[in-house]
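Because the structure is predicted, anything quoted here is derived from the model rather than measured. We name chains A, B, ... by the order of the sequence lines, and we start the count at 1 in each one.
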Amino acid sequence: MNALEAIRNRFAVALADIAEPDKVDSLLGMIRPAQDDKFGDYQANCAMPLGKQLGRPPRDIATGLVAAVSLDDLCDAVEVAGPGFINLTLKEDWIKSRLTEALSDDALGVQKVEKPRNVVVDFSSPNVAKPMHVGHIRSTVIGDALAKIHRFLGHRVITDNHLGDWGTQFGMIIYGYKHFVDNAAYTADPVVELGRLYKYVRVIMDYHGAVAQLPAAQELLDKQHTALTRVSGEQHEDKAALKKQKKDIARLKEKMVDQQALVEKLQQTIAGAQSDTGLMSAADAHADIAKSVLAETVKLHEGDTENKGLWDKFLPYCLADINRLYDRLNIRFDHVLGESFYHDQLAAVVEDFIQRKIATESDGAICVFLDGYDAPMIIRKQDGAYLYPTTDLATIQYRAEEWQADAMLYVVDHRQHDHFDKLFDAARLWGYKEAELTHVSFGTVLGDDGKPFKTRAGDTVGLEGLLDEAESRALAIAIEQNPELEESRQQEIGRVVGIGALKYADLSQNRSSDYKFSYDKMLALRGNTATYLQYANARVHGIMRNLNVTPASLKAQTGDFIFAEPVERQLSLQLLRFEEVLNDVLVEYKPNLLCNYLFDLAQLFARFFDQCPVRDADSQAQQKSRLQLCALTSGTLTTGLGLLGIESLERI
RNA sequence: GCCCCGGUAGCUCAGCCGGAUAGAGCAGCCGCCUCCUAAGCGGCAGGUCGGAGGUUCGAAUCCUCUCUGGGGCGCCA
């Protein structure tokens with residue numbers, strides 16, 4: 001039982017007597033860790049709102065509460081301060097006995113939740129056959145961490161990688177294979193050749209697309225220009241009209257900047273293609289490539305033997321390709337049920353929607369109209385093809401019925417917010433009202449310039465290159481810091497530190513905000529980084545190594561805890577907050593709360609390391625106590641990092 | 001036009017279902033290795049929490065308006 005929960009339980013009894021029953025929970029929520037040491041360890045802020053509700057002075061309420069709550073075995077000082085804050089200081093004996101419990105427990109005293117849920121975590125979900133890029137890493141890393149934390153707290157977790165394995169990109173590869181394959185290259189390395197084919201077809205399609213789009217884009221730009229000239233030339237007398245004119249001009253100019261950029265981009269695409277004569281002859285020979293690609297996709301979906309055969313042939317290579325990345329990131333999934341898994345269920349989904357009269361036909365498409373949205377959710381196109389909302393609905397059905405999911409978490413970037421709002425509304429209309437459906441959204445990864453992270457050439461940055469760079473930078477530091485270590489150890493440190501830094505950079509940020517990617521910040525040796533935590537952990541192990549003890553040997557024969565320096569008590573309290581923080585993480589699915597916690601823990605340990613000699617402790621008993629704190633610290637850091645999907649080492 | 005998400009120290013960001021003097025890291029300045037990993041520790045300096053109203057005993061946090069940046073908005077995913 002963590003301290004916060006213990007305190008809340010005691011207050012719950014007392015509050016039941018004086019507060020309205022439905023208010024008790026929110027009042028208990030006002031008991032929280034104290035913001036400042038001088039206010040004790042925890043503070044209860046519920047007397048002020050209670051005073052208002054009951055029409056009595058809050059200080060009286062606070063005093064009454066203090067008298068009514070039985071905390072004798074838990075807290076020392078219980079003080080009423082200011083307008084009615086109740087400041088609580090935990091008894092040292094209570095802290096010490098919790099530490100002793102944690103020391104002998106593999107889960108560090110963290111208890112399983114009382115009501116485990118079946119939680120499906122849908123994350124990563126890349127389109128196979130397209131190169132994975134930096135945008136995929138946030139979903140992958142955040143989803144993995146949330147799954148691990150759920151599991152650690154006793155929930156039944158199912159992770160599912162909902163691959164895009166049935167879309168247009170296969171039409172592209174199939175078309176590419178049929179027309180452009182280099183058989184020697186394919187035999188030598190199918191993955192590389194398929195990747196090349198995808199890009200090749202993409203470039204040709206983009207070229208034709210740009211050629212088709214450019215005149216209209218140019219025309220629109222000209223129109224905007226004309227409009228700007230016209231509006232600018234207008235003469236107005238009254239202020240309101242003048243203001244409107246100014247606003248219109250500003251808006252038009254803004255639009256023109258965007259439109260100009262679009263035109264330039266199209267021109268660049270065309271010029272880029274034209275500079276490659278080989279490509280141009282292919283482009284000329286395949287003028288209808290977009291239509292043909294679509295046709296190949298349709299044939300695949302309709303079960304065409306040849307295309308389905310190619311799909312069956314290509315898919316394992318595509319999977320092997322992405323699995324190489326998952327291996328490097330050390331990430332596994334319980335299931336990999338991509339879009340293709342659901343394709344034969346889609347017709348039935350749409351039929352069911354029609355039969356239940358929650359979908360209607362509009363302009364030949366089958367639509368679900370939802371309150372609060374102008375645009376409907378289309379589940380079948382005019383041409384009879386299904387769309388991703390259809391697949392997503394089938395997926396919800398499957399997860400609810402096959403897996404009895406109590407919660408489905410979708411770790412997907414924030415741009416799909418509207419899609420998920422609609423999807424969830426539609427699913428509830430359909431009858432899936434029980435399960436929690438949550439879009440765990442996250443922001444965009446930006447470059448130094450504040451724009452979506454791209455290479456100088458304008459391509460999205462490949463994930464593979466990102467991992468390479470992170471590792472090689474970390475390796476350089478590892479060699480510099482540990483010149484005496486053998487090379488394989490340095491390599492190992494480089495790998496663990498580099499990958500850890502990359503993951504932590506994503507996790508430590510509030511997931512909802514965009515974040516600026518920077519190798520330098522990520523691999524900084526100080527500050528709130530994985531490296532700092534790994535370093536702290538390595539230092540703990542250094543102490544234990546020097547004194548020839550292990551967490552296991554300490555566990556075998558525990559001793560008393562002694563708080564000589566203030567930092568020892570602070571460190572202890574922080575160690576005991578682990579469970580509390582893990583529960584906090586799951587309230588809003590925010591792994592950064594765990595990062596913050598671990599960073600605070602590491603900082604406290606660094607102070608402990610400075611102020612509390614272990615080898616040269618004053619007594620055997622004190623040394624024992626400090627070693628036990630070391631064991632708990634390394635256990636918590638290692639476990640905490642592990643829950644974030646980050647490895648730790650005993651020496652870095 | 002409508003909808004969503006941001007704006008907090010020079011920079012990168014925490015804090016946001018209201019709580020006591022707004023935090024951290026980086027960058028800057030000053031100290032600390034005869035001492036368990038200095039990939040460290042201590043200290044100094046730095047903020048009208050975009051702006052204006054409002055609700056409240058109390059607002060970075062809630063409400064309204066406004067400025068500003070980003071994203072999304074019928075047959076792509």
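Taking the P atoms as reference points, U61(B) lies 11 Å from C17(B), given to the whole Å. If you take atom P in U68(B) and the same atom in C44(B), they sit 40 Å apart, rounded to whole Å. As rounded to the nearest Å, A24(B) and G42(B) have P atoms that lie 11 Å from one another. Distance check on atom P: G53(B) versus G72(B) gives 35 Å, rounded to whole Å. Using atom P as the reference point in both C4(B) and C63(B), the two lie 12 Å apart (nearest Å). Taking atom P in both U34(B) and C29(B), the straight-line distance is 24 Å, to the nearest Å. Rounded to whole Å, the separation between the P atoms of C41(B) and A27(B) comes to 13 Å. Rounded to whole Å, the separation between the C1' atoms of G18(B) and C62(B) comes to 7 Å.
In this entry the distance linking CE of Met48(A) with P of A59(B) reads 13 Å, nearest Å. For the pair Arg59(A) CZ and A20(B) C1', the interatomic distance rounds to 13 Å; values are reported in whole Å. Gln416(A) has its CD atom 15 Å from the P atom of C76(B), to the nearest Å. In this structure, Phe369(A) atom CZ and C75(B) atom P are separated by 13 Å, rounded to whole Å. Between the P atom of C13(B) and the CZ atom of Phe517(A) lies a distance of 13 Å, rounded to the nearest Å. Rounding to whole angstrom units, CG of residue Asp392(A) and P of A77(B) are separated by 10 Å. One atom, CG of Asp413(A), and another, P of C4(B), lie 18 Å apart when rounded to the nearest Å. To the nearest angstrom, C1' of G69(B) lies 10 Å from CG of Asp514(A).
Checked against U12(B), U37(B), C36(B), the side chain of Ala538(A) finds its nearest nucleotide in U37(B). In the set C36(B), G72(B), C13(B), the nucleotide with an atom closest to the side chain of Asp418(A) is G72(B). Of the candidate nucleotides A39(B), G19(B), C36(B), G19(B) has the atom nearest to the side chain of Pro83(A).
Among the protein residues, Asp421(A) comes within range of no part of the nucleic acid, since none of its heavy atoms lies under 4.0 Å from any strand. Within 4.0 Å of Leu387(A), counting heavy atoms only, lie sugar-phosphate atoms of the nucleic acid but no base atom. Contact annotation for Gln611(A): no contact, since no heavy-atom pair falls under 4.0 Å across all strands. In this structure, Gln43(A) reaches the bases: a heavy-atom distance under 4.0 Å links it to at least one base atom across the strands shown. When heavy atoms are screened at a 4.0 angstrom cut-off, Arg32(A) is found touching the sugar-phosphate backbone but no base atom. Within 4.0 Å of Pro49(A), counting heavy atoms only, lies at least one base atom of the nucleic acid. Looking at heavy-atom distances under 4.0 Å, Asn482(A) makes contact with a base. Residue Ala385(A) is classed as having no contact, given no heavy-atom separation below 4.0 Å to the nucleic acid. Using a 4.0 Å heavy-atom cutoff across all strands shown, Cys630(A) reaches no nucleic acid atom at all. Within 4.0 Å of Arg607(A), counting heavy atoms only, lie sugar-phosphate atoms of the nucleic acid but no base atom. Within the 4.0 angstrom heavy-atom criterion, no nucleotide atom of any strand lies near Glu480(A). At the heavy-atom level, Glu484(A) lies nowhere under 4.0 Å from the strands shown. Residue-level contact check: Phe609(A) touches the bases, meaning some heavy atom is under 4.0 Å from a base atom. Among the protein residues, Leu547(A) comes within range of no part of the nucleic acid, since none of its heavy atoms lies under 4.0 Å from any strand.
Side chains of Tyr597(A) and Asp584(A): no donor on one and acceptor on the other come within 3.5 Å. Defined by atom type and a distance below 3.5 Å, a donor-acceptor pair is present between the side-chain atoms of Asn45(A) and Gln43(A).
Remark: G19(B) base-pairs with C57(B); criterion is Watson-Crick or G-U wobble with both hydrogen-bond distances under 3.5 Å. Nucleotide C41(B) forms a pair with G31(B), judged by Watson-Crick or G-U wobble geometry with both contacts under 3.5 Å. Nucleotide C36(B) forms a pair with no other nucleotide shown, judged by Watson-Crick or G-U wobble geometry with both contacts under 3.5 Å. The base-pairing partner of C65(B), taking Watson-Crick or G-U wobble contacts with both distances under 3.5 Å, is G51(B). Of all nucleotides present, only C73(B) satisfies the Watson-Crick or G-U wobble test against G1(B), with each distance under 3.5 Å. The nucleotide C26(B) finds its pairing partner in G10(B), both defining distances of the Watson-Crick or G-U wobble pair being shorter than 3.5 Å.
Under 3.5 Å, the side chain of Asp610(A) and the base of A38(B) form no donor-acceptor pair of N or O atoms.
The neighbour count for Glu588(A) CD, taken as heavy atoms of other residues, nucleotides or ligands under 6.0 Å away, does not exceed 12. The neighbour count for Asp374(A) CG, taken as heavy atoms of other residues, nucleotides or ligands under 6.0 Å away, does not exceed 12.
Taking 4.0 angstrom as the limit, Asn592(A) places a side-chain polar atom (N or O) nearer than this to OP1 or OP2 of G15(B). Taking 4.0 angstrom as the limit, Arg545(A) places none of its side-chain polar atoms (N or O) nearer than this to OP1 or OP2 of U37(B). The phosphate of C73(B) has neither OP1 nor OP2 within less than 4.0 Å of any side-chain N or O from Lys422(A). Distances shorter than 4.0 Å separate none of the side-chain N or O atoms of Ser513(A) from OP1 or OP2 on G70(B). Between C16(B) and Asn510(A), no contact under 4.0 Å exists linking OP1 or OP2 to a side-chain N or O. Note on Gln35(A): every side-chain N or O is 4.0 Å or more away from OP1 and OP2 of G15(B). Here Tyr532(A) reaches the OP1 or OP2 of C41(B): one of its side-chain N or O atoms lies under 4.0 Å away. The phosphate of A77(B) (OP1 or OP2) has no side-chain N or O of Asn127(A) nearer than 4.0 angstrom. Taking only side-chain nitrogens and oxygens, Lys52(A) comes nearer than 4.0 Å to OP1 or OP2 of C57(B).
At a threshold of 4.5 Å between non-hydrogen side-chain atoms, the residues Met48(A) and Met30(A) do not count as touching. Counting heavy atoms from C-beta outward, Lys590(A) and Asn510(A) have side chains that approach closer than 4.5 Å. Annotation: side chain of Arg539(A) is not in contact with side chain of Ile543(A) (no heavy-atom distance under 4.5 Å). Inter-residue side-chain proximity for Val349(A) and Ile379(A) is flagged as unmet; no heavy-atom pair is nearer than 4.5 Å.
Ring-to-base geometry places Phe39(A) in a stacked arrangement with A20(B) (centre distance under 5.5 Å, plane angle under 30°). Between the side-chain ring of Phe85(A) and the base of A20(B), a stacking contact exists by the 5.5 Å and 30° definition.
The aromatic ring centres of Tyr388(A) and His419(A) sit less than 6.0 Å apart. Taking the ring centroids of Phe420(A) and Tyr410(A), they lie under the 6.0 Å cut-off.
With a glycosidic angle no further than 90° from 0, C33(B) counts as syn.
Each of Ala606(A) and Gly82(A) has a nearest nucleotide on RNA chain B; the 5'-most of these lies closest to Gly82(A). The residue among Ser512(A) and Asn528(A) whose nearest nucleotide of RNA chain B lies closer to the 5′ end is Ser512(A).
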